[in-house]
Number of protein chains: 2
Amino acid sequence: MECIKDFQQEHKLEMRAVRDSMDVLNGKWKIAVISSICYYNKRRFSDILHDVEGISNKMLSKELKELELNQLIKRTVLDSQPVSVQYELTEHGLSLKTIITNLTVWGIEHRKKIFAT
Amino acid sequence: MECIKDFQQEHKLEMRAVRDSMDVLNGKWKIAVISSICYYNKRRFSDILHDVEGISNKMLSKELKELELNQLIKRTVLDSQPVSVQYELTEHGLSLKTIITNLTVWGIEHRKKIFAT
DNA sequence: CGGGATCCCCATTGATACTG
DNA sequence: CAGTATCAATGGGGATCCCG
């Protein structure tokens, strides 16, 4: 009896953790933006704009701002002419690398499966 | 030169793979729904409805339908009275378990970090 | 170049009620 | 219990222009 309760309690915590993650990673583009920065280590605004197919500059700007607020990325203004801005993952952001990698692997497998059908 | 091209080509493939994954997993609730089924192995409609806080039956129905179309979950009608429907992950859906686990772990860490700030 | 501001539409979602 | 149907609203996000 106690045991069943503990199970359920544990599942609730797990579900909450998943929700916490998704709260940060939600939005149509967030994962893609993080991937771009993650795979290139450092990436400029216009580069990401190009990497993430279909995103508008408004949305990119918004997503980057949110990611910065959540301390997943670091924004650096380079004093070049004209100005360029560089984004990189923070240590906390880097801890998402495993998830990005898993999503990449899974995406490849999924594509195979779809084309096989 | 060739080498740089290869790098970029590889990154493009990785980015596409991430997008492929997110195409399937998008939607406000999909990950949470999968988590519920994943953690309990088998789960009924009303159970998931209860697990995923805030979801409406309409949305749950819709998300489940999409997940079934993408062959991530299997739907089984039990001939009980009244009828109940059971959902479980397919083999392909089970391959998401790693991602769910990582999201759980990351969510826990993230929560710690937020409260520490 | 890297964004901010504005306008505006339609898809996503919620609420509610109904059915087998 | 497991959905469906219908209506309404909101805000996500595209397009465009502008600015430092």
Side-chain angles (χ1 to χ4, degrees), chain A residues 18-19 22-37 40-90 93, chain B residues 15 18-19 22-37 40-70 72-90 93:
Chain A
V18 172
R19 246 184 297 130
M22 295 317 289
D23 281 348
V24 182
L25 303 176
N26 72 358
K28 196 173 172 180
W29 311 101
K30 220 145 283 173
I31 299 273
V33 170
I34 295 173
S35 302
S36 166
I37 302 174
Y40 286 99
N41 293 321
K42 302 184 177 189
R43 205 74 175 143
R44 288 176 310 144
F45 188 89
S46 50
D47 292 331
I48 305 174
L49 200 58
H50 182 255
D51 289 341
V52 181
E53 225 160 296
I55 195 173
S56 66
N57 58 351
K58 186 181 96 175
M59 287 312 295
L60 179 54
S61 172
K62 187 189 140 207
E63 302 284 45
L64 285 170
K65 210 178 290 176
E66 291 180 21
L67 291 174
E68 199 190 352
L69 268 175
N70 282 308
Q71 305 179 33
L72 296 182
I73 61 175
K74 194 178 114 197
R75 181 177 180 273
T76 314
V77 180
L78 305 175
D79 50 350
S80 54
Q81 199 50 248
V83 172
S84 77
V85 179
Q86 188 175 260
Y87 293 91
E88 56 195 308
L89 295 182
T90 62
Chain B
M15 299 279 304
V18 172
R19 246 183 298 130
M22 295 317 290
D23 281 348
V24 182
L25 303 176
N26 72 359
K28 197 172 172 182
W29 311 100
K30 220 146 284 173
I31 300 272
V33 170
I34 296 174
S35 301
S36 166
I37 302 175
Y40 286 97
N41 294 321
K42 302 185 176 188
R43 205 71 176 143
R44 287 175 312 143
F45 188 89
S46 50
D47 292 331
I48 306 175
L49 199 58
H50 183 256
D51 289 341
V52 181
E53 225 161 295
I55 196 172
S56 66
N57 57 351
K58 186 179 94 176
M59 287 310 297
L60 179 55
S61 173
K62 187 190 141 207
E63 302 284 45
L64 285 170
K65 213 177 289 178
E66 291 180 20
L67 290 175
E68 198 188 353
L69 268 175
N70 283 308
L72 296 182
I73 61 175
K74 195 177 114 197
R75 181 177 180 275
T76 313
V77 181
L78 305 175
D79 51 348
S80 53
Q81 199 52 247
V83 171
S84 77
V85 179
Q86 186 175 260
Y87 293 91
E88 57 194 309
L89 294 182
T90 61

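Judged as a ring-ring contact (aromatic ring centres under 6.0 Å, His included), and not counting sequence neighbours, A:Phe45 has no contacts. Listed by chain and residue number, nothing satisfies the side-chain contact (heavy atoms from CB on, under 4.5 Å) test with A:Lys28 (two or more places apart in sequence, or in another chain). Partners of A:Asp23 according to the salt bridge (charged side-chain N to carboxylate O under 4.0 Å, His left out) rule, which considers only residues two or more places apart in sequence or in another chain, do not exist here. Here B:Lys58 pairs with B:Ser56 under the side-chain contact (heavy atoms from CB on, under 4.5 Å) rule; sequence neighbours left out. With sequence neighbours left out, B:Glu68 forms a salt bridge (charged side-chain N to carboxylate O under 4.0 Å, His left out) with no residue at all. Annotation: side-chain contact (heavy atoms from CB on, under 4.5 Å) contacts of B:Glu66 (sequence neighbours excluded): B:Lys30, B:Lys62, B:Glu63. Among residues two or more places apart in sequence or in another chain, the salt bridge (charged side-chain N to carboxylate O under 4.0 Å, His left out) test is passed with A:Lys65 by none.
Rounded to an integer number of Å, the gap from NE2 of A:His50 to P of C:dG2 is 13 Å. Rounded to an integer number of Å, the gap from CZ of A:Arg43 to P of C:dG2 is 11 Å. Across the protein-nucleic acid pair, B:Phe45 atom CZ and D:dA2 atom P stand 7 Å apart, rounded to whole Å. To the nearest angstrom, P of D:dA2 lies 13 Å from CD1 of B:Ile73. If you take CG of A:Leu64 and P of C:dG3, they are 7 Å apart, rounded to a whole angstrom. Atom-to-atom, CD1 of A:Ile48 to P of C:dC1 comes out at 14 Å; the value is rounded to the nearest Å. With rounding to whole Å, A:Leu49 atom CG is found 15 Å from D:dG13 atom P. What separates CG of B:Asn57 from C1' of D:dC1 is a distance of 11 Å, to the nearest Å.
For the pair A:Ser46 and C:dC1, the criterion of a side-chain N or O lying under 4.0 Å from OP1 or OP2 is not met. Side-chain N/O atoms of B:Ser61 include one lying less than 4.0 angstrom from OP1 or OP2 on D:dT4. For A:Arg75, a side-chain nitrogen or oxygen approaches OP1 or OP2 of C:dG3 to under 4.0 Å.
The backbone N or O of B:Ile31 sits less than 3.5 Å from a side-chain atom of B:Ser35, completing a donor-acceptor pair. Formation of a donor-acceptor pair under 3.5 Å by the A:Ser84 side chain with backbone atoms of A:Leu78 is not found in this model.
Within a heavy-atom distance below 4.0 Å of DNA chain D, no residue of residues 76-89 of chain A is found.
Each salt bridge (Lys or Arg N to Asp or Glu O under 4.0 Å) pair with one or both residues in residues 81-90 of chain B, not counting sequence neighbours, appears once here: B:Lys74-B:Glu88. Contacts classified as salt bridge (Lys or Arg N to Asp or Glu O under 4.0 Å) and involving residues 40-49 of chain B (residues at least two apart or in different chains) are given here: B:Arg43-B:Asp47, B:Arg43-B:Asp51, B:Arg44-B:Asp47.
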Mark up nucleotides 6-15 of chain C, 5' to 3', with B wherever a protein heavy atom is under 4.0 angstrom from a base atom, S wherever such an atom reaches only the sugar-phosphate, and - elsewhere. B------BBB

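Axis angle across the helix from C:dC1-D:dG20 to C:dG20-D:dC1, with five pairs used at each end and values rounded to 10°: 60°.
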